[in-house]
Amino acid sequence: MTDTVDTTEHTGTAPHGSGPARPAADTVSDVNGPRATRAARIRLLSVSLGTAGLGGAWQAAVTTFPHALQVSDALFTVSGLIWLVLLAQYLRHGGTRWRNLLHDLRHPGDGFALGYVPIIGMLIAGHFSRYGITGPRWAYAVFVTMAALLAARLLAHWLTGALSATVLHPGYLLPVSSAPFVASAVASTLGLHGVADAAFAVGLLYWLAFGTVILGGLVTGGPLPGPARPALTVLTIPPATGGIAWTAAHKGVFDAVGYGFAGTLFFTVLLVVFLLPELRQPSFHPGLWIFSFPVAASTNFTIRWIHASALPGGPALTGILLAGASSALGLLATATLRHRVRRALPS
């Protein structure tokens with residue numbers, strides 16, 4: 001997920017909280033080289049992930065607004081196109097070589113972001129499965145295997161002491177917790193209920209384990225530097241995706257566990273609201289797309305809760321949530337285009 005922050009654009013080094021800075025010589029020699037290009041493309045996959053997440057939120061609203069499905073289809077199509085373009089660029093700049101892939105996986109600041117690739121693939125396969133189940137099931141099998149291999153490889157690397165508590169941040173929850181929750185939700189959509197249960201158990205275990213370590217590090221290790229603080233919004237992803245996975249397995253019915261996920265998500269969102277003054281950035285940078293998937297996933301789960309609870313004014317609340325999430329991603333897209341134009345203009 002997450003695209004913690006694009007601080008290389010401001011400082012040329014990675015921030016504390018998203019990995020230690022690279023050596024100066026490496027930064028100078030590779031600032032425009034293939035490694036830097038691959039890292040930039042993987043970080044930008046947060047754009048595709050956020051767009052797919054918003055598509056999922058619109059899909060969740062279909063029971064209230066039937067025409068929302070067309071909007072969802074369009075968003076997933078855009079997400080897929082961005083995903084293909086960025087993945088092709090990553091592979092073209094050396095991503096097909098095993099040595100380069102291992103280097104990228106071991107990078108303390110960017111390695112976890114490779115988890116974007118299978119997560120987006122699973123989301124797209126699950127969404128378009130209504131046109132036929134066989135193809136999406138095969139695609140899902142490929143992506144869930146890729147997600148499991150990436151998560152296991154990253155965990156093996158981290159558990160050998162390659163990371164210290166001082167560099168842990170919420171982004172590390174993406175491949176080991178959020179990816180299994182997404183895999184569980186998609187498996188339920190595809191009718192693979194045993195797989196859904198297994199993936200949910202993996203996501204829950206490593207959310208509790210790594211979430212505890214990361215929160216402890218954030219509390220005792222001092223605040224993250226300014227550019228890295230937007231990564232704190234990622235704390236909302238596990239309860240949101242975990243809640244979606246649980247309700248998907250139970251056909252949208254909210255039981256005690258579903259309401260437990262809802263309570264955890266709402267409290268975490270409240271925490272993020274109080275952190276907003278600390279998350280402000282002096283200027284726009286593409287790393288701010290980190291906000292997109294937390295917003296989209298939280299909106300998705302909240303819409304499901306509104307529908308299941310039959311709240312008074314449910315359609316209005318659903319519309320407000322969709323409008324807010326869509327506006328947030330629209331603002332990010334507009335700011336990104338302006339940022340690209342400014343960078344393209346001669347100084």
Side-chain angles (χ1 to χ4, degrees), residues 1-3 41-62 68-88 90 112-131 135-136 139-140 142-144 146-147 150 171 173-175 177-190 199 203 233-234 236-238 240-245 248 286 288-304 321-322 324-333 336:
M1 162 193 265
T2 61
D3 180 2
R41 296 304 177 268
I42 289 299
R43 294 189 204 111
L44 283 174
L45 279 170
S46 59
V47 179
S48 176
L49 182 61
T51 306
L54 183 61
W58 277 89
Q59 185 179 10
V62 166
L69 187 59
Q70 285 72 38
V71 180
S72 180
D73 286 345
L75 288 167
F76 272 102
T77 300
V78 171
S79 172
L81 292 174
I82 297 171
W83 180 73
L84 286 172
V85 169
L86 292 174
L87 184 57
Y90 174 81
F112 70 90
L114 284 166
Y116 292 155
V117 176
I119 291 176
I120 297 167
M122 287 188 290
L123 289 172
I124 294 173
H127 177 75
F128 290 109
S129 63
R130 70 181 189 275
Y131 295 110
Y140 173 80
V142 171
F143 291 125
V144 77
M146 184 187 302
L150 283 171
L173 290 171
L174 180 81
S177 176
S178 301
F181 282 147
V182 170
S184 176
V186 175
S188 294
T189 300
L190 298 175
T233 60
V234 177
T236 63
I237 296 179
T241 54
I244 292 169
L288 290 177
W289 274 93
I290 192 174
F291 288 110
S292 62
F293 192 64
V295 168
S298 300
T299 300
N300 185 332
F301 183 55
T302 305
I303 288 173
R304 293 169 183 260
L321 285 171
L322 283 176
S326 301
S327 298
L329 265 71
L331 288 173
L332 280 172
T336 301

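- Side chain of W83 to main chain of V117: a donor-acceptor pair is present (N/O by atom type, distance under 3.5 Å, no hydrogens or angles).
- The two atoms that bring N300 and A60 nearest to each other are OD1-CB, 3.5 Å, heavy atoms only.
- Remark: F301 pairs with F254 by the ring pair (Phe, Tyr, Trp, His ring centres under 6.0 Å) rule, at least two apart or across chains.
- A side-chain donor-acceptor contact under 3.5 Å links T302 to the backbone of S298.
- For V85, the side chain to side chain contact (heavy atoms under 4.5 Å, CB included) partners two or more places apart in sequence, or in a different chain, are Q89.
- In terms of the side chain to side chain contact (heavy atoms under 4.5 Å, CB included) criterion, A328 has no residue partners (sequence neighbours excluded).
- In this structure T299 satisfies the side-chain hydrogen bond (donor to acceptor under 3.5 Å, both in side chains) test with no other residue, sequence neighbours excluded.
- With sequence neighbours excluded, the residues that form a side-chain hydrogen bond (donor to acceptor under 3.5 Å, both in side chains) with S48 are S79.
- Taking the six-membered ring where tryptophan is involved, the planes of H127 and F76 are essentially parallel, since the angle between them stays under 30° and well short of 60°.
- Among residues two or more places apart in sequence or in another chain, the ring pair (Phe, Tyr, Trp, His ring centres under 6.0 Å) test is passed with Y90 by none.
- Qualifying side-chain hydrogen bond (donor to acceptor under 3.5 Å, both in side chains) partners for S326, counting only residues two or more places apart in sequence or in other chains: W58.
- When all heavy atoms are compared, the tightest approach of L86 to L45 is CD1-N, 3.8 Å.
- Residue pairs satisfying the salt bridge (Lys or Arg N to Asp or Glu O under 4.0 Å) criterion with at least one member in residues 70-82, sequence neighbours excluded, are listed as follows: D73-R130.
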Under 3.5 Å, which donor-acceptor pairs do the side chains of residues 177-185 form with other protein atoms, sequence neighbours left out?
residue: S177; atom: OG; partner: G203; partner atom: O; Å: 3.2
residue: S184; atom: OG; partner: A196; partner atom: O; Å: 2.8

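- In this structure, the side-chain hydrogen bond (donor to acceptor under 3.5 Å, both in side chains) partners of T336, at least two apart in sequence or on a different chain, are W289.
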